[in-house]
Amino acid sequence: MGNDAITPREKDFSQWYLDVIKVAELADHSPVRGCMVIRPNGYAIWEKIQAGLDRRIKETGHQNAYFPLFIPESFLKKEAQHVEGFSPELAVVTIGGGKTLEEPLVVRPTSETIIYSMFSKWVNSYRDLPLLINQWANVVRWEMRTRLFLRTTEFLWQEGHTCHTTEAEAEEEVLRILDLYADFVENEMAVPVLRGLKSDNERFAGALRTWSIEAMMQDGKALQAGTSHNLGQNFSVPFNVRYQDQQSQMQYAWMTSWGVSTRLVGALIMAHSDDAGLICPPRLAPLGAVIVPIWSSDEDKAAVLPMAQTIADALRPFTGVKVDDREQMRPGSKYAEWEQRGIPIRIEVGPKDVAKAQCVMVRRDTRKKEFVPIDGIANAVRAEHEQMQRDLFQRALDFRTTHTREIDTWDEFVAWCGAAQGFGLAHWCGDSGCEAKVKEETKVTIRNRPIEYVQGTKKAEPGRCIKCNGASAYPVYWGIAY
RNA sequence: CGGGGUGUAGCGCAGCCUGGUAGCGCGCCUGCUUUGGGUGCAGGAUGUCGGAGGUUCGAAUCCUCUCACCCCGACCA
């Protein structure tokens, strides 16, 4: 055990991240390049993410469906920007059943084309709209450089696809989903996000507009945690998704697509964990508490184990619980192991506690110990969970706040890039060329344009583009992205 | 795909320069011991030295190729 060393976060963030994944047994490298095996501990977290999102997606009127893994190559080509954006990273099947296929099949990198080919059959009347579909699936993108959870050749995700009668309605949907994602990531994952509009350079291939939520990791880098695209009529035209309106006129539908992926697990790890291992927010923890009974004699054991079970029974109604009654292992080893795995609450029960009808409750993130009467344990754990959930969010928010700087001049910007820790809030004229130049010179890109400014709920703050000094209505978020 | 690095037991590493057929710590198994922050003792198992070729009487060690991973760049959720 003592050897499952985790590289200190300060020393080497990338290695620390990989070490946490290893000791917490979240994932493993597969025999196939760039692919990962999601181990039970990691998959359980993904299942919690799925559950939380699936509920929200259904509550907003969407239905789940499933579309094929294989997409005829020609489908991708129907939307020029779409195929241009994805062709470098496609996996293509050319042989089936030992014979060369008439038409190569692309392993989906995303499902717009195959889904919209079906939508064109299903949508005939304005009465068929809105059409609100979601699918949980795996997708494949042949990435050059991969990292566990953050970017793998194959990953799991959810992709929503909707059709509407007007652009405004589509935009409403796109923003509803953006809020849905923000709500989930902030409240369940305890990771604060910035909602905003992507610049043209980072827009989804084939979209009119791409909105995103951006999170800051503990190394100050930005992670795009979710995207929501207004596709306009860019796909409804080539895929002929048309409906008859109330005036009997044929109209092309306005469409949206949006998704979040197993990348969220990476966000979770990098946002909260520490040098002792994973820290999982209570609402997302498959196991909310672990109980470690302590004994040194058979008599003690006979008293302690039932008490541990009693506590477990009290907690089970609202959280996952495990009694760690492994015989040969000492308590200290168990503590260390459960800390690596990120279990939010540890409860220690020994003979002394049994005598006093109490137990010791320890929080994973702070490691603060507290004596709690047995008969109040359920409420105590529940309250501690809630507090921990809030604290994790607040800590992440504070981190982001202290690592966000307003920057006015290019010199200042360059100096800030040297340190490159966190987000810079700086003006931008709106020109792609300026953004490209900045990226070339500093590796920093625009994360997004704050939704408050884009929508005008926050008053414009005119300024000068840090790169070209051109006019700018409001500052945007800059940062180094994962 | 370019530059750099690493691959030896489950994990972390030594051995490689100066070829002679593999070792250490932790973990694992057995027994006893111990159990409120990574117990102690004794015994034991585990490697086609990332893979393929070559040089050699002999290769973990030298040469060539290849694969994977990590870091940095170009691309991306």
Side-chain angles (χ1 to χ4, degrees), chain A residues 1-7 12-19 22-23 25 28-36 85-90 109-110 139-159 181 198 201-205 210 212-215 222-229 257-267 276-277 292-298 300-301 304 324-340 346-355 358-360 362 367 369 371 439-440 443 445 480-482:
Chain A
M1 286 296 296
N3 221 29
D4 297 341
I6 297 174
T7 304
D12 183 344
F13 193 85
S14 294
Q15 194 56 53
W16 165 81
Y17 172 74
L18 292 165
D19 290 346
K22 187 193 289 172
V23 299
E25 298 180 351
D28 219 334
H29 291 284
S30 81
V32 181
R33 177 194 202 111
C35 292
M36 74 172 159
F86 281 106
S87 58
E89 51 192 56
L90 295 180
T110 180
V139 288
V140 167
R141 298 181 187 177
W142 218 262
E143 300 288 350
M144 297 173 187
R145 201 172 144 195
T146 57
R147 307 188 81 206
L148 292 179
F149 290 114
L150 301 180
R151 181 171 302 102
T152 46
T153 299
E154 178 189 10
F155 58 94
L156 307 182
W157 78 346
Q158 135 306 288
E159 49 180 323
Y181 286 160
K198 281 297 199 182
N201 288 340
E202 308 232 345
R203 191 170 7 103
F204 175 73
T210 289
S212 75
I213 52 171
E214 305 279 334
L223 186 78
Q224 178 172 298
T227 50
S228 187
H229 317 291
S257 69
W258 28 274
V260 299
S261 70
T262 34
R263 168 176 257 204
L264 284 179
V265 179
V292 179
I294 299 155
W295 66 81
S296 51
S297 66
D298 286 347
D300 288 346
K301 186 176 166 185
V304 162
D324 186 356
D325 59 358
R326 284 175 289 180
E327 294 279 350
Q328 65 296 18
M329 208 167 172
R330 302 187 80 209
S333 305
K334 294 180 182 177
Y335 301 167
E337 187 179 302
W338 293 113
E339 280 173 0
Q340 289 180 332
R346 176 178 78 241
I347 292 169
E348 309 168 7
V349 210
K352 289 183 235 166
D353 300 312
V354 173
Q358 66 176 25
C359 61
V360 180
V362 188
R367 297 203 199 174
K369 296 194 177 187
F371 291 98
K439 182 178 182 183
E440 200 176 314
K443 321 222 182 309
T445 53
I480 294 181
Y482 268 102

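Naming: A, B, ... by sequence-line order, numbering from 1 per chain.
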**Report entry** OP1 or OP2 of B:rC75 under 4.0 Å from side-chain N/O of A:Lys439
**Finding:** yes
Query raised in the report: Counting side-chain heavy atoms from CB outward, which of B:rA77, B:rA74, B:rG36 is closest to A:Asp353?
Result: B:rG36
Report task. Answer yes or no: does a side-chain N or O of A:Lys369 lie under 4.0 Å from OP1 or OP2 of B:rG36? Result -> no
Requested in this report: Could you give the distance separating B:rA9 and B:rU66 at their P atoms, to the nearest angstrom?
Outcome: 24 Å
Query - Sugar-phosphate only, base, or nothing, as touched by A:Phe204 at under 4.0 Å among non-hydrogen atoms - result: nothing
Query raised in the report: What's the closest nucleotide to the A:Lys22 side chain, out of B:rC11, B:rG73, B:rC75?
Result: B:rC11
Query raised in the report: With a non-hydrogen cut-off below 4.0 angstrom, is A:Arg326 in contact with a base, only sugar-phosphate, or nothing?
Result: nothing
Query raised in the report: Side chain of A:His29: nearest nucleotide among B:rC69, B:rA77, B:rG36?
Result: B:rC69
Report task. Ignoring backbone atoms, test whether A:Ser333 places a side-chain nitrogen or oxygen under 4.0 Å from the OP1 or OP2 oxygen of B:rU39. Result -> yes
Query raised in the report: For the side chain of A:Arg33, counting heavy atoms from C-beta on, which of B:rG36, B:rA68, B:rC76 is nearest?
Result: B:rA68
Query raised in the report: Is the phosphate of B:rG40, meaning OP1 or OP2, less than 4.0 Å from a side-chain N or O of A:Arg330?
Result: no
Requested in this report: Could you work out which one of B:rC71, B:rG37, B:rC76 sits closest to the side chain of A:Ser14?
Outcome: B:rC71
Query raised in the report: Is B:rC62 paired to anything, Watson-Crick or G-U wobble with both distances less than 3.5 Å, and if yes, which nucleotide?
Result: B:rG54
Report task. Answer with base, sugar-phosphate or nothing: what part of the nucleic acid does A:Leu18 contact at a heavy-atom distance below 4.0 Å? Result -> sugar-phosphate
Requested in this report: Take atom P in B:rG4 and the same atom in B:rU64, then report the distance between them in whole Å.
Outcome: 14 Å
Query - Among B:rG73, B:rA77, B:rG36, the one nearest A:Thr152 by side-chain distance - result: B:rA77
Requested in this report: Considering only atom C1', compute the distance from B:rC70 to B:rG53 and round it to an integer number of Å.
Outcome: 27 Å
Requested in this report: Rounded to whole angstrom, note down the C1' distance from B:rA59 over to B:rG20.
Outcome: 10 Å
Requested in this report: Would you mind classifying the nucleic acid contact of A:Arg145 as base, sugar-phosphate or nothing, using non-hydrogen atoms under 4.0 angstrom?
Outcome: base
**Report entry** Candidate nucleotides B:rU35, B:rC70, B:rC75, ranked by approach to the side chain of A:Ser296 - the nearest
**Finding:** B:rU35
Query raised in the report: Counting any heavy atom closer than 4.0 Å, what does A:Gly266 reach on the DNA or RNA strands: base, sugar-phosphate only, or nothing?
Result: nothing
Query raised in the report: Looking at A:Arg141, does any N or O in its side chain come under 4.0 Å of the phosphate oxygens OP1/OP2 on B:rC75?
Result: no
Query raised in the report: Can you tell me how far C1' in B:rC71 sits from the matching atom in B:rA52, rounded to whole Å?
Result: 27 Å
Report summary line: Scanning all shown strands, the Watson-Crick or wobble mate of B:rC69 with both distances under 3.5 Å is B:rG5
Requested in this report: Find the partner of B:rC49: check Watson-Crick (N1-N3 plus N6-O4 or O6-N4) and G-U wobble (N1-O2, O6-N3) distances, both under 3.5 Å, and reply none if neither fits.
Outcome: none
Query raised in the report: Checking A:Arg346 against A:Tyr335: charged group under 6.0 Å from the ring centre and within 45 degrees of the axis?
Result: yes
Query - Nucleotide nearest A:Arg147 when distance is taken to its side chain, options B:rG36, B:rA77, B:rC71 - result: B:rC71
Query - hbond_proxy A:Gln328 side chain to B:rG31 base (donor-acceptor, 3.5 Å cutoff) - result: no
Report task. With a 3.5 angstrom cut-off on both distances, give the Watson-Crick or G-U wobble partner of B:rG43, or none if there isn't one. Result -> B:rC29
Requested in this report: For B:rU8 and B:rC69, measure between their P atoms and round to the nearest Å.
Outcome: 15 Å
**Report entry** Between B:rG5 and B:rG23 - P atom distance, rounded Å
**Finding:** 30 Å
